[in-house]
Amino acid sequence: MNIIFGREHAASLAERYTVLELDTIRVAKEGPEVIAFCVVESIAILDMPRLESMKNLHANLLIEYRKKNWNYCEQALEHLIGFWGSELDTFYDNLRTRINEYKEIDPGDEWTGIVEKAVS
């Protein structure tokens, strides 16, 4: 899986490849937000009929994740894991881990789904 940052880079590649949003990341508390995308270079021919619906499911997964709709997310992950030739499985596993943690300890009303990264 290739990762790119920024909506403008994603848009330029989306004409030739499948580009999927991953996370919005902020380094440092007051730093700018950067959107990470992945570029899926090849789709199995047998998966082509489901491509649009799986892209929509992936996009809706992120929307519902930011709404803290954990049930929807868990069901969506069941369908998404393994679809992209397993390229996104690490991301989906990481997302599932976060969801399980948030189900145990609610992230609070101020939570936006942005991944905060510290600079060391």
Side-chain angles (χ1 to χ4, degrees):
M1 168 174 51
N2 298 300
I3 308 267
I4 56 173
F5 296 95
R7 207 170 285 286
E8 62 282 349
H9 297 295
S12 68
L13 291 170
E15 294 175 18
R16 297 180 53 208
Y17 302 101
T18 298
V19 178
L20 302 170
E21 183 177 339
L22 297 177
D23 275 319
T24 301
I25 301 166
R26 181 175 33 233
V27 179
K29 196 74 170 160
E30 300 299 322
E33 298 171 4
V34 179
I35 302 174
F37 296 85
C38 71
V39 179
V40 181
E41 292 186 57
S42 62
I43 307 291
I45 193 78
L46 294 175
D47 290 337
M48 292 304 262
R50 295 177 45 208
L51 180 60
E52 283 306 310
S53 66
M54 295 307 271
K55 286 169 56 175
N56 289 334
L57 183 59
H58 176 92
N60 288 331
L61 166 67
L62 297 179
I63 291 167
E64 295 303 318
Y65 172 76
R66 291 176 185 123
K67 291 179 184 177
K68 298 194 272 185
N69 186 350
W70 310 136
N71 185 48
Y72 179 94
C73 293
E74 289 171 327
Q75 291 181 44
L77 287 169
E78 291 301 316
H79 296 282
L80 289 164
I81 291 174
F83 179 76
W84 308 101
S86 302
E87 283 191 65
L88 275 86
D89 286 0
T90 302
F91 170 72
Y92 293 141
D93 289 340
N94 181 276
L95 198 60
R96 184 185 308 227
T97 298
R98 286 189 243 162
I99 289 166
N100 287 336
E101 290 171 0
Y102 295 147
K103 285 171 62 177
E104 291 290 320
I105 301 171
D106 189 297
D109 292 337
E110 300 298 316
W111 182 81
T112 60
I114 295 172
V115 177
E116 305 276 348
K117 295 290 183 181
V119 178
S120 1

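As the structure is a computational prediction, the values presented were derived from the model and not from experiment. Quick note: numbers below take in every heavy atom, side chains included, and nothing from hydrogens, waters or symmetry partners.
Here Leu51 contributes atom CG and Thr18 contributes atom OG1; the two are 4.5 Å apart, rounded to the nearest 0.5 Å. Ile3 CD1 to Phe91 CZ: the interatomic distance, rounded to the nearest 0.5 Å, is 9.0 Å. Interatomic distance, Glu101 CD to Arg96 CZ, rounded to the nearest 0.5 Å: 13.5 Å.
Through chains of ILVMFWY side-chain contacts below 4.5 Å, Ile35 is grouped with Ile4, Leu13, Tyr17, Val19, Phe37, Val39.
Residues Ile99 and Leu77 form a side-chain contact, since some pair of their non-hydrogen atoms from C-beta on lies under 4.5 Å apart. Side-chain contact between Arg50 and His79 is absent, with no heavy-atom pair separated by less than 4.5 Å. The shortest distance between side-chain heavy atoms of Leu22 and Leu88 falls below 4.5 Å. Thr97 places none of its side-chain heavy atoms less than 4.5 Å from the side chain of Asn100.
Of all non-hydrogen atoms in Ala36 and Ile25, the two that sit nearest each other are CB-CD1, 4.1 Å. Considering every non-hydrogen atom in both Leu57 and Ala76, the closest pair reads CD1-CB, 3.8 Å.
Between the Asn94 side chain and the Thr90 main chain, no donor and acceptor come within less than 3.5 Å of each other. Of the possible polar contacts, one joining the Asp89 side chain to the Gly82 backbone as a donor-acceptor pair under 3.5 Å is found.
For the side chain to side chain donor-acceptor pair (under 3.5 Å) test, no residue two or more places apart in sequence or in another chain qualifies with Glu8.
Two different hydrophobic clusters hold Tyr102 and Ile105 under the rule that ILVMFWY side chains link at heavy-atom gaps under 4.5 Å. Connection of Ile63 to Leu80 is not established within any shared hydrophobic cluster, with ILVMFWY side chains joined at heavy-atom distances below 4.5 Å, either directly or through further cluster members.
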**Request:** Go through His58 and Tyr92 one step at a time and tell me if the ring-ring contact (aromatic ring centres under 6.0 Å, His included) criterion holds.
**Result:** CA-CA 10 Å; His58 176 92; Tyr92 293 141; 5.7 Å; yes
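For residues 61-71, the side-chain hydrogen bond (donor to acceptor under 3.5 Å, both in side chains) pairs, not counting sequence neighbours, are Glu21-Arg66, Glu64-Lys67, Glu64-Asn69, Tyr65-Arg98, Lys68-Asp106, Asn71-Gln75.
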